[in-house]
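Data first, discussion second: the structure below is written as structure tokens.
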Amino acid sequence: MQQLIEFITNHIILFSALVVVLVLIVQNLLASMGGKSSVAPLRATQLINREDAVVVDVRPIGDFNNGHIVNAINIPTTALKNQINQVAKHKGKPIIVVCRSGAQSAAACKVLRDAGIEQVYNLQGGMLAWQSDSLPISKK
């Protein structure tokens, strides 16, 4: 124990870097597990088919028009707070939020939960994961 304390005091910068890296790894593991608040593409299709889930695509309109999940509603992240009523009318159904990679949609999920919508799920990996799983998209 004495050697550990001596090492830490002699190498405070190195030890601080170790602590930061460990915290970031734990945070990343917790975020990737996602628990109940995030779903893989195949689980999302089950929610859509079995529970009539509503898909909210928060990408810009140009990206949305290049391909989106069938029947998805496009509400760009920048307009989400102003158009939250469009999502709130589906409050009783599961809401799946989608973006390009899953990062922006995670923030959008928080906005929706803060607005009182409880069944909100982030699509893990976003449209990139959806397309890599060869799931259908629409350009209409």
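Any value given below was found using the heavy atoms of this structure, including those in side chains, with hydrogens, waters and symmetry copies removed.
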Run the side-chain donor-acceptor check on residues 101-112: report pairs under 3.5 Å with partners two or more places apart or on a different chain.
| unit_1 | atom_1 | unit_2 | atom_2 | d |
| --- | --- | --- | --- | --- |
| S105 | OG | G102 | O | 3.3 |
| S105 | OG | N122 | OD1 | 2.3 |
| K110 | NZ | D114 | OD2 | 3.0 |

Closer than 3.5 angstrom, by distance alone: can the side chain of W130 be matched with the main-chain N or O of G125 as a donor-acceptor pair? no
When hydrophobic residues are tied together by side-chain contacts of less than 4.5 Å, even through go-betweens, does I75 share a cluster with V120? yes
Quick one, V87 and V54 - any side-chain contact, counting heavy atoms below 4.5 Å? no
Are there over 12 heavy-atom neighbours, none belonging to I13, within less than 6.0 Å of that residue's CD1? no
For the pair D57 (side chain) and R59 (backbone), establish whether a donor and an acceptor sit closer than 3.5 Å, ignoring hydrogens and angles. yes
Taking the side chain as every heavy atom from C-beta outward, state whether P76 and N74 have any pair of such atoms under 4.5 Å apart. yes
Do you know which two heavy atoms are closest between P41 and Q124, and how far apart they sit? CD-O, 3.9 Å
Approximate separation, where rounding is to 0.5 Å, of Q131 CD and R100 CZ: 10.0 Å
In terms of the angle between their ring planes, are H11 and F7 parallel, tilted or perpendicular, with boundaries placed at 30° and 60°? tilted
With sequence neighbours excluded, what pairs up with K91 under the side chain to side chain donor-acceptor pair (under 3.5 Å) test? none
Can you tell me how far apart OG1 (T9) and CG (L4) are? Round to the nearest 0.5 Å. 9.5 Å
